[in-house]
Participant: 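Sharing a structure here in structure tokens format.
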Amino acid sequence: MRASEFLISLLRRATDDLGYAWPDKALAEPPKDKKFGDLAANCALVLAKETGQNPRALAEELATRLRAASEHIARVEVAGPGFLNVTFAPSYWQSAVLRVENAGEAYGASNIGEGRKAQVEFVSANPTGPLHIGHGRGAAVGDSLARIMRFAGYAVEAEYYINDAGKQMRTLGRSIWLRVLELSGKNALPFPEDCYQGDYIVAIAREMLAADQQLHLSTEEAGIDTCYAYGMRVIFEGIRNDLTDFNVHHDVWFSELSLLHKGAVEETLERLRRAGHAYEEDGALWFNTMAFGDDKNRVLRKSDGSLTYFASDIAYHANKYERGFTSITDVWGADHHGYIPRMRAAVAALGQPRESFDVVLVQLVNLLQEGEQIAMSTRAGAFETLADVIKEVGTDAARFMFLSRKSDSKLDFDLSLVRQRSMDNPVYYVQYAHARIKAVQRRAFERGLLPDGPGELALLTCEEELDLLRLLDRLPKVVEDAALNRSPHYISYYLMELAGLLHRYYAAHQVLGAENRELIAARLRLLRAVGQTLKNGLELLGVSAPDSM
RNA sequence: GCGCCAGUAGCUCAGUCGGAUAGAGCAAUUGCCUUCUAAGCAAUCGGUCGGGGGUUCGAUUCCUCCCUGGCGCGCCA
């Protein structure tokens, strides 16, 4: 059991003995200042507030009981307004190594998800052009979130929703078709503004013409259809390749068209109508989202008979619930935030609990070079696409950069910084810690010092070692928090801190140069546990843990 | 005009279901490589947590009013 859980279990017993119910808001966390001990518990403060008691007196009573409660408790002090500052015996922290060794690759995993079926949907970019850097951030966040939730005990499926129906797909076909005509010298008209401008459209047109030199002789209708089918396939292949290169995995690729073919959208509209949430007005079909807190009601079917995106999005989410997910997380670009109230309204109208649906907003990415903004124009400039960025800085550096910020805040992505090997670019700092450990292990092996030696963990008593042990102990809690708050960046910050402690330890103490073999063996065990923990954390971010750098 | 997000050290950012003297990296200054990887370590410097009120024993955190920036407010997709 990790330390904070252990402490809370002791405190629960103590409060029980005193005849109080355990306050759920009470926490046991490392204090800001180490001089306050290993963990600070605020339960006396919370309890005093609830019961109108003197917090310090209550804390004293709890402290007395706590001191007698376990041999692992070395010291308990009442401080400030009524904190319980608790210091554990080193033996407790040393046992963290055992917990890492026993769990191995699973260290940090937990079961707070209780096996609930959870879906994380992310990227879901329309297959009308290559992924750009903003999609990359959503991809990193969604993919990492799926990994983290899986590790925290959810049964996670990662999904990509393909908007393969609707007007923009026809626009794609038309864009390519017009380029085909242009390249064949048949059309001197200026290229329309509402068509896709990117160079990739021209490239696809050229490719198609090379394969079929008679293509431009088709009728417009057939030409557009051909171009659409071909273009979508090429672009979609490109998207899948980019995601693979970016170490991003989706379990399910869900087609909007398949929903329409099944009649699921009509069915959903009928369902809303029967439930009294949809009504006809001005020749259109409306959804009364205001009844669920939205600003205004929204159109489902326009007066010209065509469906809105919102209609198929509702059907899509209804479908998610039909597939048995009880936790649904959508990762959206922040420019879609205005969509949240109506989607929440839809979830409520479908009779699903509010907490079953989450949206993680990912803010736009500001692409810089040497501190200067690179214009994200429609022109296909250098480094605009995700593929270019990966090529330029690598998957590890790009993912770590995306995941080391709260997703809902703007991100300056400076190519020159992400390329740099400095603390401005912490991915190397963390990876280097792992590589250093591996280097020591290799050297130990060469010298015949087995990394698997028993090593008396009780010898790990210096301050740097205890700092590492205390932090190892916390990983499971960090993963839980990251999963519950849908915040992959918690993992990044944890890893930077752990890497920092490792580097400090490395500089302060010789592992292989320790006084005796027992101490060497104990330190090798500690290093191995730290290495495993770094690796597990990096895996959650989808970043590699290299053995050497 | 309305709504969402943000404003924390010179820069980039954590922290915010109320807690103790607000943290990290970078930058700046100064040390540390004949010893396990210097992509590293140590030390110094650096703050009215955008501003004003309020609630509280206690507010960067909660409420309220402003200021600044980004985004969004279609029978668009």
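In what follows, every chain begins at residue 1, and chains take the letters A, B, ... in the order their sequences are listed.
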Participant: Using the P atom in both, what is the distance from B/rC36 to B/rG46, to the nearest Å?
Facilitator: 37 Å
Participant: Remember a base hit wins even if backbone is also touched, and classify A/Tyr493 as base, sugar-phosphate or nothing at under 4.0 Å, heavy atoms.
Facilitator: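 Here A/Tyr493 touches the backbone only, sparing every base.
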Participant: With side-chain contact (heavy atoms from CB on, under 4.5 Å) as the test, pick out the partner of A/Phe287 among A/His277, A/Arg342, A/Arg301.
Facilitator: A/His277
Participant: Could you state the CZ-C1' distance from A/Arg405 to B/rC11, rounded to the nearest angstrom?
Facilitator: 11 Å
Participant: Tell me if B/rC65 is syn or anti. Syn = glycosidic torsion within 90° of 0, anti otherwise.
Facilitator: anti
Participant: Rounded to the nearest Å, what distance is computed from the NZ atom of residue A/Lys410 to the P atom of nucleotide B/rA14?
Facilitator: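 Going from A/Lys410 (NZ) to B/rA14 (P), I get 12 Å.
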Participant: Take the protein atom NE2 of A/His509 and the nucleotide atom C1' of B/rG40, then report the distance between them rounded to whole Å.
Facilitator: 16 Å
Participant: Using heavy-atom distances to pick each residue's nearest nucleotide on RNA chain B, tell me which of A/Asn85 and A/Lys302 is more 5'.
Facilitator: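 Final value for this comparison: A/Asn85.
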Participant: I'd like to know if the side chain of A/Gln431 pairs up with that of A/Asp396 as donor and acceptor (distance under 3.5 Å, no hydrogens or angles considered).
Facilitator: yes
Participant: Please classify the nucleic acid contact of A/Asp335 as base, sugar-phosphate, or nothing, using heavy-atom distances under 4.0 Å.
Facilitator: sugar-phosphate
Participant: Is any side-chain nitrogen or oxygen of A/Tyr428 closer than 4.0 Å to OP1 or OP2 of B/rA39?
Facilitator: no
Participant: Assign A/Asn297 to base, sugar-phosphate, or nothing according to its heavy-atom contacts below 4.0 angstrom with the strands shown.
Facilitator: nothing
Participant: Can you check whether A/Phe36 and A/Phe83 have ring centres sitting under 6.0 Å from each other?
Facilitator: no
Participant: Do A/Asn297 and A/Tyr279 meet the criterion of a side-chain donor-acceptor pair at a distance under 3.5 Å?
Facilitator: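 There is such a pair (donor and acceptor under 3.5 Å, judged by atom type) between the side chains of A/Asn297 and A/Tyr279.
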Participant: Does B/rC4 have a Watson-Crick or wobble mate here (both distances under 3.5 Å), and if so which one?
Facilitator: B/rG70
Participant: Please work out if A/Ser409 contacts a base, only the sugar-phosphate, or nothing of the nucleic acid, heavy-atom cut-off 4.0 Å.
Facilitator: sugar-phosphate
Participant: Choosing from B/rA20, B/rC36, B/rG15, which nucleotide comes nearest the side chain of A/Ala40?
Facilitator: B/rA20
Participant: Mind checking A/Asn42 for me? I need base, sugar-phosphate or nothing, with any heavy atom below 4.0 Å counting as a touch.
Facilitator: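 Here A/Asn42 touches no strand at all.
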Participant: Please work out if A/Glu281 contacts a base, only the sugar-phosphate, or nothing of the nucleic acid, heavy-atom cut-off 4.0 Å.
Facilitator: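 Counting heavy atoms under 4.0 Å across all strands, the contact made by A/Glu281 includes a base.
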Participant: Taking the side chain of A/Val440 as its heavy atoms from C-beta onward, which of B/rC36, B/rC71, B/rA77 lies nearest to it?
Facilitator: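 The listed nucleotide nearest to A/Val440's side chain is B/rC36.
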Participant: Does the distance from a Lys or Arg side-chain N to an Asp or Glu carboxylate O, for A/Asp473 and A/Arg470, drop under 4.0 Å?
Facilitator: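 A salt bridge is absent here (no side-chain N lies under 4.0 Å from a carboxylate O).
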Participant: Taking any strand in view, what nucleotide pairs with B/rU16 in a Watson-Crick or G-U wobble way, both distances under 3.5 Å?
Facilitator: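 Answer to the pairing question: none, since B/rU16 forms no Watson-Crick or G-U pair.
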Participant: Hey, is A/Phe36 stacking on B/rA20? Ring centres under 5.5 Å, planes under 30°.
Facilitator: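 By the stated criterion, A/Phe36 and B/rA20 stack.
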Participant: Within a strict 4.5 Å, meaning less than it, do heavy atoms of the A/Leu411 and A/Gln363 side chains meet?
Facilitator: no
Participant: Nearest whole Å is fine: how far is B/rC75 C1' from A/Glu280 CD?
Facilitator: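 Going from A/Glu280 (CD) to B/rC75 (C1'), I get 12 Å.
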Participant: Find the distance between CD1 (A/Ile239) and CE (A/Met232) and round it off to the nearest 0.5 Å.
Facilitator: 8.5 Å
Participant: Just call it for A/Tyr494: base, sugar-phosphate, or nothing, with non-hydrogen atoms closer than 4.0 Å on any strand.
Facilitator: nothing
Participant: In whole Å, I'd like the distance from the CD atom of A/Glu29 to the P atom of B/rG19.
Facilitator: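 It is 9 Å, rounded to the nearest whole Å.
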Participant: Which part of the nucleic acid, if any, lies within contact of A/Ala79, taking any heavy atom under 4.0 Å across all strands shown: a base, the sugar-phosphate backbone alone, or nothing?
Facilitator: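 Base contact.
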Participant: So what does A/His503 hit on the nucleic acid, given a heavy-atom distance under 4.0 Å: a base, only sugar-phosphate, or nothing?
Facilitator: sugar-phosphate
Participant: Of the candidate nucleotides B/rA39, B/rA20, B/rU12, which contains the atom at the shortest distance from the side chain of A/Phe83?
Facilitator: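 Of the options given, the side chain of A/Phe83 lies nearest B/rA20.
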Participant: Ignoring backbone atoms, test whether A/Arg170 places a side-chain nitrogen or oxygen under 4.0 Å from the OP1 or OP2 oxygen of B/rA77.
Facilitator: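 Looking at the OP1 and OP2 atoms of B/rA77, neither is under 4.0 Å from any side-chain N or O of A/Arg170.
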Participant: Report the nucleotide, chosen from B/rA6, B/rC36, B/rC75, that has the shortest atom-to-atom distance to any side-chain atom of A/Lys406.
Facilitator: B/rA6
Participant: Is A/Arg436 close enough to B/rG40 that one of its side-chain N or O atoms is under 4.0 Å from OP1 or OP2 there?
Facilitator: no
Participant: With a 4.0 Å limit, can you tell me whether A/His489 has a side-chain N or O closer than that to the phosphate oxygens OP1/OP2 of B/rG15?
Facilitator: yes
Participant: So, does A/Lys296 get its side chain near the phosphate of B/rG72, meaning an N or O under 4.0 Å from OP1 or OP2?
Facilitator: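 Negative; the distance criterion is not met.
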Participant: Looking across every strand, which nucleic acid part, if any, lies under 4.0 Å from A/Leu364 by heavy atom: base, sugar-phosphate, or nothing?
Facilitator: nothing
Participant: Output yes when at least one side-chain N/O atom of A/Arg443 is less than 4.0 Å from OP1 or OP2 of B/rU37, else no.
Facilitator: yes
Participant: Does B/rG74 have its OP1 or OP2 closer than 4.0 Å to a side-chain nitrogen or oxygen of A/Thr308?
Facilitator: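 False: A/Thr308 side-chain N/O out of range (4.0 Å or more) of B/rG74 OP1/OP2.
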Participant: Once you apply a heavy-atom cut-off of 4.0 Å, does A/Leu27 come out as touching a base, just sugar-phosphate, or nothing?
Facilitator: base
Participant: Ignoring hydrogens and angles, answer whether the base of B/rG72 and the side-chain atoms of A/His336 contain a donor-acceptor pair closer than 3.5 Å.
Facilitator: no
Participant: Quick one: do A/Asp467 and A/Arg504 make a salt bridge, cutoff under 4.0 Å?
Facilitator: no
Participant: Given B/rC41, is OP1 or OP2 found less than 4.0 Å from the side-chain N or O atoms of A/Tyr429?
Facilitator: yes
Participant: Which part of the nucleic acid, if any, lies within reach of A/Ser548 when heavy atoms closer than 4.0 Å are counted: base, sugar-phosphate only, or nothing?
Facilitator: base
Participant: Please classify the nucleic acid contact of A/Gln363 as base, sugar-phosphate, or nothing, using heavy-atom distances under 4.0 Å.
Facilitator: sugar-phosphate
Participant: Without hydrogens or angle criteria, can the side chains of A/Ser312 and A/Glu256 be said to hold a donor-acceptor pair below 3.5 Å?
Facilitator: yes
Participant: Please report the distance, rounded to the nearest Å, between CG in A/Leu411 and C1' in B/rC5.
Facilitator: 15 Å
Participant: Look at all strands and tell whether A/Gln168 reaches a base, only sugar-phosphate, or nothing, counting heavy atoms closer than 4.0 Å.
Facilitator: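 Sugar-phosphate, no base atom in range.
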Participant: Could you tell me the Watson-Crick or G-U partner of B/rG40, where both distances fall under 3.5 Å? Say none if there is no partner.
Facilitator: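 In the structure as shown, B/rG40 has B/rC32 as its Watson-Crick or wobble partner.
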Participant: How close or far is atom P of B/rC41 from atom CG of A/Asp467, stated in whole angstroms?
Facilitator: 14 Å
